[in-house]
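Structure first, then comments.
As the structure is a computational prediction, the values presented were derived from the model and not from experiment. Residues take their numbers from the sequence shown, with the count starting at 1.
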Amino acid sequence: IEMIEMHLTLEKDITVIQGQLGAKAIATISTFLTKENRKIWMNRLFNLAFNTLENGGNVEKQLTWFDLLLFCASSDSSLKNMKQLLDGELSFENLTVDQDKRWRIVNRLCAYNFSDAWGIIAQEKGNDPGDLGKKKAYLASVSIPNSNEKSKNWDSFITNKENSSTDYMRYGMSGFFWKNQDELLAPFIDPFFEKLADIYKNKDMHYSSAFGNVLFPAIFNPKMILNKTESFLEINEDLPKLCKKGLIENCDHLKRRIPI
């Protein structure tokens, strides 16, 4: 990660920064660092991205550094900066905070339990009242780290009593698991495996696939989840082919994360 940081500073080719260095920084922080080191490096790279954005550059460069800035926003001060960017109190040259970026910022703030998260969602939903805005608002609401709300959302994913579209529910599922919420979300590991086969039997292919892939508990210890997944596959030999295929693919991803 230190090598990536150094080359992020030295590299002049924005395509290399965007396609290689920035992506590798995000992947390394997400996958390989301990919780304490993740906190250190997120703060460190947030400051690097912030300073680079302040220095200005062309649109493509600013967009690339914005992506890293947003991903690394996790401390109180960095989240406050993102709220200022959302409110127009902070701006960077050649960086337009369009509706998509606004929702990405809202989602980040909600996932880290920023003050008045529900109010932030309501305000942004008012700015974007269409169908996509409703989906993005749903995603953000599911991202809020509240145990009661997480349980309600989980039950909704299992039953879908409202008969919402798969696309709408997929947005909610995408907001459920966050690395910084692992302790809060650990109780949902076993229910995922307990409900998976029934979901594939009782829901259509598209919904089942969304549930199986989006809600796979990949944020947790890879060795532990790998063991659970392999045991589940061994015990449940008659799983639908699509379900089995998704689990095997997730096992392959987990194996790449386990230190040799």
Side-chain angles (χ1 to χ4, degrees), residues 1-2 4-5 8-9 22-23 25-56 62-93 95-128 136-150 153 172 174-188 219-220:
I1 191 71
E2 288 180 346
I4 294 172
E5 179 191 39
L8 276 169
T9 306
I26 290 172
T28 300
I29 291 171
S30 300
T31 307
F32 298 111
L33 299 188
T34 64
K35 185 176 291 188
E36 189 57 37
N37 281 333
R38 190 161 61 245
K39 181 178 178 181
I40 291 169
W41 277 101
M42 288 175 81
N43 288 335
R44 192 158 155 174
L45 292 182
F46 180 90
N47 291 332
L48 174 62
F50 191 96
N51 292 335
T52 305
L53 284 163
E54 275 195 318
N55 291 333
Q62 296 295 77
L63 287 173
T64 298
W65 284 100
F66 169 79
D67 289 342
L68 186 60
L69 183 85
L70 180 61
F71 172 79
C72 291
S74 57
S75 67
D76 290 344
S77 60
S78 62
L79 293 168
K80 184 177 180 180
N81 286 147
M82 299 313 298
K83 183 61 163 59
Q84 290 171 333
L85 195 59
L86 182 69
D87 292 341
E89 299 171 5
L90 173 67
S91 62
F92 298 108
E93 178 188 348
L95 180 69
T96 301
V97 183
D98 57 20
Q99 191 59 65
D100 179 65
K101 293 186 192 66
R102 293 184 65 82
W103 276 119
R104 289 173 62 194
I105 293 171
V106 169
N107 198 32
R108 191 76 183 181
L109 294 174
C110 289
Y112 280 82
N113 209 24
F114 194 81
S115 175
D116 192 26
W118 287 105
I120 294 172
I121 294 172
Q123 182 175 347
E124 203 55 45
K125 194 175 180 180
N127 295 333
D128 187 18
K136 294 290 183 73
Y138 181 37
L139 189 159
S141 69
V142 175
S143 298
I144 297 173
N146 177 283
S147 58
N148 290 333
E149 292 299 322
K150 289 287 186 181
N153 287 314
S174 298
F176 192 80
F177 279 120
W178 282 81
K179 188 77 171 176
N180 62 301
Q181 301 174 14
D182 55 352
E183 292 181 8
L184 174 71
L185 297 171
F188 296 96
I219 67 166
F220 300 98

Legend entry - Shortest non-hydrogen contact from K101 toward T96: NZ-O, 3.2 Å

Inset, instruction - Would you give the length of the straight line joining atom CD1 of I40 to atom CG of N43, rounded to the nearest 0.5 angstrom? - result: 8.5 Å

Inset, instruction - Check G22 against L8 and note the closest heavy-atom contact, atom names and distance. - result: N-CD2, 4.0 Å

Legend entry - Inter-residue atom distance F71.CZ - R104.CZ, 0.5 Å rounding: 11.5 Å

Legend entry - From F114 atom CZ to L79 atom CG, the distance as rounded to the nearest 0.5 Å: 6.5 Å

Inset, instruction - Mind listing the closest non-hydrogen atom pair of M82 and L70 along with its distance? - result: CE-CD1, 3.7 Å

Legend entry - Test item: N153 side-chain N/O and G172 main-chain N/O as donor-acceptor pair under 3.5 Å: no

Inset, instruction - Could you tell me which non-hydrogen atom of C110 sits nearest to which non-hydrogen atom of A140, and how far apart they are? - result: CB-O, 3.5 Å

Legend entry - Backbone of L86 reached by a side-chain donor or acceptor of R102 within 3.5 Å: yes

Inset, instruction - Write down the atom of Y112, the atom of S74, and the distance for their closest heavy-atom approach. - result: CE2-CB, 3.5 Å

Inset, instruction - Mark yes or no for whether Q62, through its side chain, and E93, through its backbone, hold a donor-acceptor pair below 3.5 Å. - result: yes

Legend entry - Nearest-0.5 Å distance that lies between atom CG in N113 and atom OG in S143: 11.5 Å

Legend entry - Approximate separation, where rounding is to 0.5 Å, of K136 NZ and S174 OG: 10.5 Å

Inset, instruction - Answer yes or no: is there a side-chain heavy-atom contact under 4.5 Å between D67 and L63? - result: no

Inset, instruction - Take R38 and N180 through the side-chain contact (heavy atoms from CB on, under 4.5 Å) test and state the conclusion after the steps. - result: CA-CA 10 Å; R38 190 161 61 245; N180 62 301; over 6 Å; no

Inset, instruction - Can you measure from CD1 (I4) to CG (L45) and round to the nearest 0.5 angstrom? - result: 8.5 Å

Legend entry - Flag if over 12 foreign heavy atoms under 6.0 Å of CD, Q123: no

Legend entry - Verdict with reasoning, K83 to E89, per side-chain contact (heavy atoms from CB on, under 4.5 Å): CA-CA 8 Å; K83 183 61 163 59; E89 299 171 5; over 6 Å; no

Inset, instruction - Could you pull out all residues at least two apart from N55 that satisfy side-chain contact (heavy atoms from CB on, under 4.5 Å)? - result: none

Inset, instruction - Could you tell me whether K179 atom NZ has more than 12 heavy atoms of other residues or ligands within 6.0 Å of it? - result: yes

Inset, instruction - State whether a side-chain donor-acceptor pair under 3.5 Å links K150 with Q181. - result: yes

Legend entry - Heavy-atom closest pair, residues I121 and W103: O-CH2, 4.1 Å

Inset, instruction - Any pair with a residue in residues 25-50 that passes ring pair (Phe, Tyr, Trp, His ring centres under 6.0 Å), sequence neighbours left out, goes on the list, sorted by first then second residue, please. - result: F50-F92

Inset, instruction - Give the C-alpha distance, both sets of side-chain angles, the deciding distance and a yes or no for side-chain contact (heavy atoms from CB on, under 4.5 Å) between L185 and F176. - result: CA-CA 9 Å; L185 297 171; F176 192 80; 3.8 Å; yes

Inset, instruction - Could I get the full list of side-chain contact (heavy atoms from CB on, under 4.5 Å) partners for D76, not counting sequence neighbours? - result: none

Inset, instruction - Please check if the side chain of T28 supplies one atom and the backbone of A25 the other of a donor-acceptor pair under 3.5 Å. - result: no

Legend entry - Positive for side chain to side chain contact (heavy atoms under 4.5 Å, CB included) with W178, one of I219, L184, V142, N107: N107

Inset, instruction - Run the numbers on N81 and L85 for side-chain contact (heavy atoms from CB on, under 4.5 Å), then give the verdict. - result: CA-CA 6 Å; N81 286 147; L85 195 59; over 6 Å; no

